[in-house]
Amino acid sequence: MQSHSDSVDSNDKTGAVVRLHEQDNIVIALQNVEAGSRPDGFNVDLREAIARGHKIAVSLIPAGSNVLRYGQIIGQATRDIEPGEHVHVHNLGMGGHQQDYAPASANVPLAQITDERTFQGFHREDGRVGTRNYIGILTTVNCSGSVARFISEAAEKSNLLDAFPNVDGIVPIVHGTGCGMSGKDEGYDTLFRTLSGYARHPNFGGILLVGLGCEVMQVAELVDRRPIRSHGALRYMTIQQEGGTRRTVEHGLEQLRGIAELANQAERKPAPVSALTIGMQCGGSDGYSGITANPALGYASDLLVRHGGTSILSETSEIYGAEHLLTRRAESTEVAKKLIERVKWWEDYTAQHGGEMDNNPSPGNKNGGLTTILEKSLGAVAKGGTAPLREVYKFAEHIDKNGFVFMDSPGFDPCSVTGQVASGANLIVFTTGRGSVSGYQPTPCIKLATNSAMYARMSEDMDLNCGDIVTDGVTIEEKGVELFELLIRVASGEETKSEQLGFGGVEFVPWQIGAVM
């Protein structure tokens, strides 16, 4: 490999290319570069045009050799790659994937920040704090989904909430499962955790639970197995017991009015930032994700953890290949083993269904410059900052420890966020390079653009541009602080772009595991 000084200046983030680690044998194009050009600091002419976000070899990479980004292996060359050549799907593959997990070997606690920051939130009787004050209409089964929407629409037509100014709205939570499934397997337990997590969520001031009556996921099971919330703030009914659609809608309106009277008693009051739990996601990632938005989110995550708050990293299939960076930061070997167990579960799960863990990245990711899941995962893990990994949770499992934690989930964004919300996330932060659009009621979602070009195109959907880390020389630390302040404002009631646009009606997607019968 050529020396760092012979290839490109990694400190020049406003130039045409950037080298992210001194050991890397590739650089990243920060703008479109033409064939035959020689970017600043490069000692060879480019063999072909390279799109921004894509990789360029800085030295000869023999076939079978490792390709390094962030100083980490992102795959092996499938043929000889010449200096100045594009490095992508045509010449880079997964190769053998072996990592040294070294559990808990790099567990370095972060210094706590004693200056207590606060936000304006809704204090709940279980000690948690909501960032919003919605009423939820939660369904046990797909068969009650339309009726839940009918109740919500009837409430809107009747202007029911006009008399309750402290209630942010009514959210019907509908889905495509709840029956045609086993009542005693992993899939049932996962759905139970998801529904009960939403029923207890601090962003809901009250819940109306609606079932059909004959489904596998019974209303009585959800209500009786564990306490959900205080009497009056949780009400429930089944369509069969009520006598059909019309009577259920009429009775549902009566119940909503009673729930609203209770929910309206809540008012925003100061709460410590330690009461914030953010779910961290990335979707539509590109070659910039691991350079700009993800590390900026990682810095904000560390700030939140240092204030006593909680951040959740997820998408197990999208940290594959970088899990060793997390196991080394685990608070104990037991926590590291939990994460390794989830990775092994995913390897078995995908193999059973004829899939491969490198089915990721998506076509959009590849168009943006990402090639292998190893490369994508290294950028994705950057969202988690540097804090020790305190615990590993199953999908939708209640988060009971503050700090940086991991929740197992698929990489499919709506499903992963659904699990994080069920686990207790009262804010979602979502980084995107291609331009993802979505929202996740009852939890506000903050969208971060990884590059300035996409932000300019989709500014009506994006809350914060992180592309200026490349275009304007803004530091990751400065952007992380800017995001941290935005978290506090949104937690206190400032609307996100997805809230302004009305997203959140179709993004509740429970993880369906097991046979549909």
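Worth knowing before you read on, the calculation uses all heavy atoms, side chains too, and leaves out hydrogens, waters and symmetry mates. A quick note: this is a predicted structure, and the numbers were derived from the prediction, not measured.
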Taking everything shown except [X] itself, do over 12 heavy atoms lie less than 6.0 Å from its [atom1]?
X: R247; atom1: CZ; result: no
X: F503; atom1: CZ; result: yes
X: Q241; atom1: CD; result: no
X: E250; atom1: CD; result: yes

Report yes if some heavy atom in the side chain of [X] is under 4.5 Å from a heavy atom in the side chain of [Y]; otherwise report no.
X: T131; Y: V490; value: no
X: S416; Y: Q281; value: yes
X: L191; Y: T177; value: yes
X: F430; Y: D413; value: yes
X: C282; Y: T432; value: no

Next item on the list: Measure centre to centre between the rings of H201 and Y134, then say whether the value is under 6.0 Å.
Entry: no

(message) Check for me whether the distance between the ring centres of Y198 and F508 falls short of 6.0 Å.
(response)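 Yes: the rings meet the under 6.0 Å criterion.
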
Would you mind checking if [Y] and [X] are paired as a salt bridge, meaning a charged N to carboxylate O distance below 4.0 Å?
X: E482; Y: K479; answer: yes
X: R132; Y: D168; answer: no
X: R124; Y: D126; answer: no

So, [X] side chain and [Y] main chain: donor-acceptor pair closer than 3.5 Å or not?
X: N426; Y: I278; value: no
X: E323; Y: G321; value: yes
X: R200; Y: S196; value: yes
X: D286; Y: L370; value: no
X: T316; Y: S409; value: yes
X: T431; Y: N294; value: no
X: T496; Y: C445; value: yes
X: N166; Y: E267; value: no

Intermediate values then yes/no, ring-ring contact (aromatic ring centres under 6.0 Å, His included), Y393 and H398 = CA-CA 8 Å; Y393 296 90; H398 175 61; 8.2 Å; no

- Between R52 and Y288, is NZ or CZ placed under 6.0 angstrom from the six-membered ring centre and within 45° of the ring axis? yes

